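Taking it in order: structure first as structure tokens, then the write-up.
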Protein chains: 2
Amino acid sequence: MSTAPGDPTDELVTTVFARHCLSRSTLEDVAGKWGILALLALRESDFRFNALRRRVEGVSEKMLSQTLQTLERDGLVLREVRTTIPPRVEYSLTGLGAQVAHRLHGLADLLEESVPQVTEARRAYDARPVGTGSDPGGEQR
Amino acid sequence: MSTAPGDPTDELVTTVFARHCLSRSTLEDVAGKWGILALLALRESDFRFNALRRRVEGVSEKMLSQTLQTLERDGLVLREVRTTIPPRVEYSLTGLGAQVAHRLHGLADLLEESVPQVTEARRAYDARPVGTGSDPGGEQR
DNA sequence: CGGCATCCATCTCGATACTG
DNA sequence: CAGTATCGAGATGGATGCCG
């Protein structure tokens, strides 16, 4: 009984809802506070560490480093080191990373376009007094 | 100089990288640990609170409540209350929410398919000793 | 330059308890 | 059933110092 009763049964059979599924942990790695932004940035071009840090406003050295390690571990980001002085480390997307980033770009794009809608929705939400009495049915049982 | 030198200049002109852009805050609302899962679940069907809670494994009452409030405020989720006894609250996607959820579904789907790749990538990453000497160029400058 | 290690302030999250 | 309130644990993020 893994599907809800009356489920329209679209083709979404993923198990991201499952607690310990790897796809869910990957999803969290990607979607964490900085994962999306890092992937989107790398979609524009390869970056060296500090350049990437500048591109993603507000990220700390620590969190960017940690985020990139996670993404590298998941096989989404490639890290190339040149042990020169000064060092030079280039980050880029792997094939899989590019596919993920492509999807994220679609999402970010949509949200960008929807800024006016979201702004209005927030305004309306914040403006409403208290019990917005949406109480259509009176079935008391 | 908002674009990196040598930028291929694809059409991604969003400002999600900017610290205080509304699209970025919305992105964080959506992509937070539970936002994605809630939206994906609601894509399957409408849900009442506890049913949704069961669908999204591991979410606490508090976080689900908080997540839904945020999504409602952003205009992605609709909340319908029936003040009967016992109370009955239905959650569903708005038009915008459905668009967002559609994108997220694509992402989740991709990650599902990529489970083997990610598994292997993690294994390889964890197995490697230390300095995976990728040091192609010796340009010391 | 590109890190990692440590300390420390803060914020988020989750379990529990309580309300309508 | 559908939440809110509270509190402790852990994650997050900044500052600083060190290393290759």
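What you see is a predicted model, and the numbers here were worked out from it, not measured in a lab. The figures here come from the full heavy-atom set of this structure, side chains too, leaving out hydrogens, waters and symmetry mates. Lettering of chains follows the sequences in order, A, B, ..., and the numbering in each one begins at 1.
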Contact check, side chains of Val16(B) and Leu40(A), non-hydrogen atoms, under 4.5 Å: yes
Ser45(B) and Arg55(B) side chains, donor-acceptor separation under 3.5 Å: no
For atom CG of Leu68(A) and atom P of dC1(C), their distance in whole Å: 17 Å
Report, one pair per line, the protein and nucleotides 8-13 of chain D atoms (nitrogen or oxygen only) whose separation is under 3.5 Å.
residue	atom	partner	partner atom	Å
dG13(D)	OP1	Lys33(A)	NZ	3.3
dG13(D)	OP1	Trp34(A)	NE1	3.4
dG13(D)	OP2	Trp34(A)	NE1	3.3
dG13(D)	N7	Lys62(A)	NZ	2.8
dG13(D)	O6	Lys62(A)	NZ	2.9

Short side-chain N/O contact from Arg48(B) to OP1 or OP2 of dA2(D), under 4.0 Å: yes
Cation-pi geometry met for Arg53(A) and Phe49(A) (6.0 Å, 45°): no
Spacing of Gln117(B) atom CD and Thr94(A) atom OG1 [to the nearest 0.5 Å]: 7.5 Å
Ser65(B) vs dA2(D): side-chain N/O to OP1/OP2 distance below 4.0 Å: no
Sugar-phosphate, base or nothing in reach of Glu90(A), heavy atoms under 4.0 Å: nothing
Between C1' of dG3(D) and CG of Leu52(B), the distance in whole Å: 14 Å
Candidate pair Glu72(B) and Arg128(A), rule salt bridge (charged side-chain N to carboxylate O under 4.0 Å, His left out), full reasoning: CA-CA 13 Å; Glu72(B) 188 195 2; Arg128(A) 77 192 187 187; 3.1 Å; yes
side-chain N/O Tyr91(B) vs dG3(D) OP1/OP2, d < 4.0 Å: yes
Phosphate OP1/OP2 of dA2(D): any Asn50(B) side-chain N/O under 4.0 Å: yes
Base dC1(D) to side chain Glu61(B), donor-acceptor N/O within 3.5 Å cut-off: no
Between dA2(D) (C1') and Gln69(B) (CD): distance, integer Å: 12 Å
Side-chain N or O of Arg79(A) closer than 4.0 Å to phosphate OP1/OP2 of dG3(C): yes
Euclidean distance, atom CG of residue Leu64(B) to atom P of dT12(C) [Å, nearest integer]: 18 Å
Protein-nucleotide distance (Arg53(A), atom CZ; dC1(C), atom C1'), rounded to Å: 12 Å
Atom-to-atom span, CZ of Arg54(B) to C1' of dA2(D) - whole angstrom: 12 Å
Spacing between Arg88(A) atom CZ and dC1(C) atom P, to the nearest angstrom: 11 Å
Test side-chain contact (heavy atoms from CB on, under 4.5 Å) applied to Thr26(B) and Asp74(B), Leu71(B), Thr70(B), the passing residue: Asp74(B)
Verify same cluster id: Leu68(B), Leu78(B) (apolar side-chain graph, 4.5 Å): no
Separation of dC1(D) C1' from Phe47(B) CZ (nearest whole Å): 16 Å
